[in-house]
There are 2 protein chains.
Amino acid sequence: MKDHYRAHKKVLLAVDCIIFGFDQDNLKILLIKRDFEPEKGKWSLMGGFLRPDETLDDAASRILQKLTGLHDIYLDQLRSFSQPERDPVDRTVSTAYYALINIEEHNEELTKKHSAEWFNVQDIPPLIFDHDEMIRQAIKRLRYKASVEPIGFELLPEKFTMRQLQKLYEAILGQKLDKRNFIKKILSQDVLIKLDEKDMTSSKKGSFLYKFDAEKYDRFKI
Amino acid sequence: MKDHYRAHKKVLLAVDCIIFGFDQDNLKILLIKRDFEPEKGKWSLMGGFLRPDETLDDAASRILQKLTGLHDIYLDQLRSFSQPERDPVDRTVSTAYYALINIEEHNEELTKKHSAEWFNVQDIPPLIFDHDEMIRQAIKRLRYKASVEPIGFELLPEKFTMRQLQKLYEAILGQKLDKRNFIKKILSQDVLIKLDEKDMTSSKKGSFLYKFDAEKYDRFKI
DNA sequence: TCAAAAGTGTTCACCGTACACCCATGG
DNA sequence: CCATGGGTGTACGGTGAACACTTTTGA
């Protein structure tokens, strides 16, 4: 009977997005200046509340699009955070998602409107609530994923050099990699297509561009 | 300002527990006969609603204890399920947890009271809502965990034989293992203490009992 | 003495890691 | 012609997987 349901207290359900980007050198996270109380003016993850007619995944997509203008973005649920006092205004449980986006493609007008800025992952300012813990866990998850499956092409332009890809992995894993071993490993995963074009901006010799093979890439996403 | 919060609709937040046990042969899940509408009388995961003063982890512990009488149990958050129509009565988002318990230790009176029964994982009856999907994901997670870290001692009695442990891994992974390779791998993880006692019930020769080294085990739980 | 489970080692293939030199080119 | 970044191969150790026989002892 419905009384069983009515006896229980409802809560606000929020979604917060850890948005990763890569600027050819550093792994970055997009943060906003919160424009409402509490903690107005402090740095925060982009978030929002769940609407009646959408799933948490939908909400995360919507929130991401609101800030970046992008859709069809890599998004993965991290976990739900539920300390009773995590939001001082009202009991709010938040489900964290992390997203990987191409830092070149986001809509700058939108991010300006939200006073959003990119921060290096090693250099995150103090954040509201438990957002720093969310970021810690997202980085951990991202590192884990990078070590077991090809990931992160979402963070690069469509065509990229081996060196860019290696730098991305180095930024995610937080350590230098040997270029010969890196190339061997990536090529063995068989998800790259070598193009005939070269990128001539990085050196006199030029370096071959690759793109990733979406079909083969999908085999890893089980 | 608080108006920002008030504008949003609250939802019911539930917790559902996938409770794993092991009966020396098969990996099992504890299910209950649901005693309230909707779907009264159907099989279901044990669940409950989040209370105002507790975290989701707390709620999962409480729900687990209500059914089994056990506390201090291995519990891990799986993910949150949020299809708008998943519960036909009212919008309810559910966070799934999985638990590992020693099947010998649960309180039979309590489980009888809830009309709970153990089912082999290969043999789960039709369940309400999206509970079958929750179970699918929990098994997947458990398999993954078993392949990368020592896990599952929670499912065994304090003292156990190598053969019992191997059977447990076989049940989790759903495949036969070579006993020599299994022993080599487990011993290399250095989390077992070999006892002087033998279990004489399984064979004439008897087989040595082991217990696990909680301290060394903890090193794996990062 | 035999049936039933316990216990034990070796070989091989593969993978990750360490490591150093030549190439092509624009300036 | 040289400085700069691009590109390539090999040797080694460790790990996972395959595989079969001996031991013990109660019935």
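Below, all heavy atoms of this structure are taken into account, side chains as well, without hydrogens, waters or symmetry copies. Not measured: the values here are computed from a predicted model. Just so it is clear: chains get the letters A, B, ... in the order the sequence lines come, proteins before strands, and each one is counted from 1.
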Using whole Å, report how far CD of A:Q166 lies from P of C:dT17. 13 Å

Other residues, nucleotides and ligands only: do more than 12 of their heavy atoms fall within 6.0 Å of CD on A:Q122? yes

Could you tell me the separation between the CZ atom of B:F182 and the C1' atom of C:dG9, rounded to a whole number of Å? 18 Å

The residue, B:I183 or A:D178, whose nearest nucleotide of DNA chain C is more 5′ is B:I183

Closest non-hydrogen contact found for A:G21 with A:L155 is CA-CD2, 3.6 Å

Does the separation of the ring centres of A:Y169 and A:F182 fall below 6.0 angstrom? yes

Gap between atoms CG and P, on A:N181 and C:dA20 respectively (whole Å): 13 Å

Given atom NZ of A:K194 and atom P of D:dG6, what is their separation to the nearest angstrom? 13 Å

Check every atom of D:dT8, C:dA6, D:dG7 against the side chain of B:S203 and return the nucleotide holding the closest atom. C:dA6

With side chain to side chain donor-acceptor pair (under 3.5 Å) as the test, would you mind laying out the steps for A:T201 and A:D199 before giving the verdict? CA-CA 6 Å; A:T201 63; A:D199 169 75; 3.0 Å; yes

Please determine whether any donor N or O and acceptor N or O are separated by less than 3.5 Å between the side chain of B:K184 and the base of D:dT15. no

Which part of the nucleic acid does B:K185 contact within heavy-atom distance under 4.0 Å: base, sugar-phosphate only, or nothing? nothing

All pairs passing salt bridge (charged side-chain N to carboxylate O under 4.0 Å, His left out) where residues 112-126 of chain B contributes a residue, at least two apart: none

Relative to the 5' end of DNA chain D, which residue comes earlier, A:R180 or A:S207, by the nucleotide with the nearest heavy atom? A:S207

Minimum-distance nucleotide (side-chain atoms of B:K179 versus C:dT8, C:dG9, D:dT8): C:dT8

Rounded to whole Å, CD of B:Q175 lies from C1' of D:dA18 at a distance of 14 Å

Tabulate protein N/O versus nucleotide N/O from nucleotides 23-26 of chain D, keeping only pairs under 3.5 Å, one per line.
{"residue": "D:dT23", "atom": "O2", "partner": "B:K205", "partner atom": "NZ", "Å": "3.0"}

Do A:Y217 and A:Y74 have their ring centres less than 6.0 Å from each other? no

Closer than 4.0 Å, any side-chain N/O of B:R163 to the OP1 or OP2 of C:dA6? yes

Once you round it to whole Å, what is the distance between C1' of D:dG7 and CG of A:L187? 12 Å

What is the distance, rounded to the nearest whole Å, between atom NZ of B:K176 and atom C1' of D:dG16? 20 Å

Taking everything shown except B:K167 itself, do over 12 heavy atoms lie less than 6.0 Å from its NZ? no

Rounded distance (Å) that lies between atom P of C:dG7 and atom CG of B:L192: 13 Å

